[in-house]
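This report concerns only the one structure given below.
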Amino acid sequence: MNKYTFLDLATINAPFSAEIKDALCRVADSGRYIGGPEVERLEAGMAALTGARHAIGVSNGLDALRLILRGYIELGRIQAGDEVIVPSNTYIASVLAVSDCGLVPVPVEPRRDTMNIDSRRIEEAITSRTAAIMPVHLYGRIATDDRLLDIAARHRLLVIEDAAQAIGARDEQGRAAGAIGHAAAFSFYPTKNIGAIGDAGAVTTSDPELARVVAALRNYGSDYTYHNLYQGLNCRIDPLQAAVVALKLPHTDKVNAYRRSIARIYDSEIINPLIEKPVFEQSDYCVWHQYVIKTARRDHFRNYLAENGVETLIHYPVPPHLQPCYPQLAGLSLPIAEQLARQVLSLPITACTSERDAHDICKIINRYSND
């Protein structure tokens, strides 16, 4: 029986192996292990890729979100106890960043077709304490439509993009993830489309004041040595990770185009009526961090795929409002997020999956019956 691997990081990094080893040796030999030219190279690359004026390398995607929120608090644009609208269907990091900064997460349901926050529901969630909207470009699909941006402008709300899964993604107007809202957070966790070999992240923004504050906050709140403007954090990016990500950035479009080609095969060849495919358009700018289908008997279907050699993952089995760490959210009525958590399943879509593999997986899926 053939085996269809969901993800193998050694395979993903194999094309970059020689460059990665050279970069690691370069950093080791440089004697510069905090900050320096490798970090600056990554920051310049991220600014160029997104079109944002500023990029700040940080320790991971969660810290990128935390630093953005802390930055706005230091600038007086957000106050302790303010509310931040978040999607109910997201990885928990989006919500953790909000509560960690002493702010109140307000979950809003997603659209079932895109699984991104439903901008039609946002306005009814706005109160006098709402300070920001945090759209999550889930699975690599842009979540900030014109309605969301218009609502934010009319209510004078900050738009903070959680772009952890969306490097290289664009909306229908051609705007890049990372330069659509007021600020954005990226993750370079090893499984991301462009991944480090450890934890790493970045903040992008075109606001010079926010960029200045975030850069200080990541380094103990210091603007220069032994002078601390803020009660900051240690959230600096490691130059080793910065070097690895920087060498991969020029390959972003190629990596995303390959994922799009696999998604296109799935979209055209999966015809089983028991499977609901994600939205796919030929002009799609989604970068397909995950290809997520929905089916009523998800666990039964997943077991069937495993029996036929197809590895899958669930993103995500428990929505944030039902996690034990958020008892204050447990009473909310969020049926769409809960239904998605019961039905979603991610198919293989990385460089580990050949086009022949994708054709085979479609045939296996089309033979499935829930009898």
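Hydrogens, waters and symmetry mates are skipped; everything else that's a heavy atom, side chains included, is used.
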Show the nearest heavy-atom pair for residues I167 and M46, with the distance to one decimal.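 Scanning both residues, the minimum pair turns out to be CD1-SD, 4.0 Å.
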Contact summary for A177 and T50, nearest pair of heavy atoms: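 Distance-wise, the nearest heavy atoms are O-CG2, 3.5 Å.
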Check this for me: [X], atom [atom1], are more than 12 non-hydrogen atoms of other residues, nucleotides or ligands nearer than 6.0 Å?
X	atom1	value
E172	CD	no
R356	CZ	no
R112	CZ	yes
Y189	OH	no
Q173	CD	yes

Hey, could you give me the [atom1]/[atom2] distance between [X] and [Y], rounded to the nearest 0.5 Å?
X	Y	atom1	atom2	answer
Y304	I364	OH	CD1	6.5 Å
L345	F301	CG	CZ	6.5 Å
N272	R367	CG	CZ	11.0 Å
F6	L347	CZ	CG	8.0 Å
R264	E355	CZ	CD	9.5 Å
L210	T205	CG	OG1	4.5 Å

Salt bridge (Lys or Arg N to Asp or Glu O under 4.0 Å) partners of R66, counting only residues at least two apart: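 Partners of R66 by the salt bridge (Lys or Arg N to Asp or Glu O under 4.0 Å) criterion, ordered by chain and then number, come out as D63, D100.
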Kindly write out the residues that satisfy salt bridge (Lys or Arg N to Asp or Glu O under 4.0 Å) with K277, not counting sequence neighbours, or none if the list is empty.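 Scan of K277 (salt bridge (Lys or Arg N to Asp or Glu O under 4.0 Å), adjacent residues dropped) gives none.
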Does the gap between the ring centers of F16 and H251 come in under 6.0 Å?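 Centroid separation for F16 and H251: below 6.0 Å.
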Donor on one side chain, acceptor on other, E83 and T127, under 3.5 Å: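 Yes, T127 and E83 have a side-chain donor paired with an acceptor closer than 3.5 Å.
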Going by heavy atoms in the side chains, are I194 and V245 under 4.5 Å from each other?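 Yes, close enough: below the 4.5 Å cut-off.
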Could you go through Q290 and V344, starting from their C-alpha distance and side-chain angles, then the distance that decides it, and tell me whether this counts as side-chain contact (heavy atoms from CB on, under 4.5 Å)? CA-CA 11 Å; Q290 304 294 345; V344 294; over 6 Å; no
I'd like to know whether S99 forms a side-chain hydrogen bond (donor to acceptor under 3.5 Å, both in side chains) with Y326, so could you lay out the CA-CA distance, the side-chain angles of the two residues, the decisive distance to 0.1 Å, and finally the verdict. CA-CA 10 Å; S99 58; Y326 283 112; 2.6 Å; yes
Does the ring pair (Phe, Tyr, Trp, His ring centres under 6.0 Å) test come out yes or no for H137 and Y285, once each step is laid out? CA-CA 12 Å; H137 304 319; Y285 291 104; over 10 Å; no
Do [X] and [Y] sit within salt-bridge range, that is, some charged N less than 4.0 Å from a carboxylate O?
X	Y	answer
E43	R218	yes
D150	R154	yes
E269	K363	no

R236: which of N234, L233, D238 passes side-chain contact (heavy atoms from CB on, under 4.5 Å):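 When N234, L233, D238 are each tested with R236, the side-chain contact (heavy atoms from CB on, under 4.5 Å) holds only for N234.
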Please enumerate all residues that pass ring pair (Phe, Tyr, Trp, His ring centres under 6.0 Å) together with Y291, with sequence neighbours excluded.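 So Y291 forms a ring pair (Phe, Tyr, Trp, His ring centres under 6.0 Å) with Y266, W288.
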Take R170 and D253, measure what salt bridge (Lys or Arg N to Asp or Glu O under 4.0 Å) needs, and give me the verdict at the end. CA-CA 11 Å; R170 294 183 177 272; D253 287 346; over 6 Å; no
Please test R32 against E38 for salt bridge (Lys or Arg N to Asp or Glu O under 4.0 Å), starting from the C-alpha separation and ending with a verdict. CA-CA 9 Å; R32 186 68 185 272; E38 303 294 347; over 6 Å; no
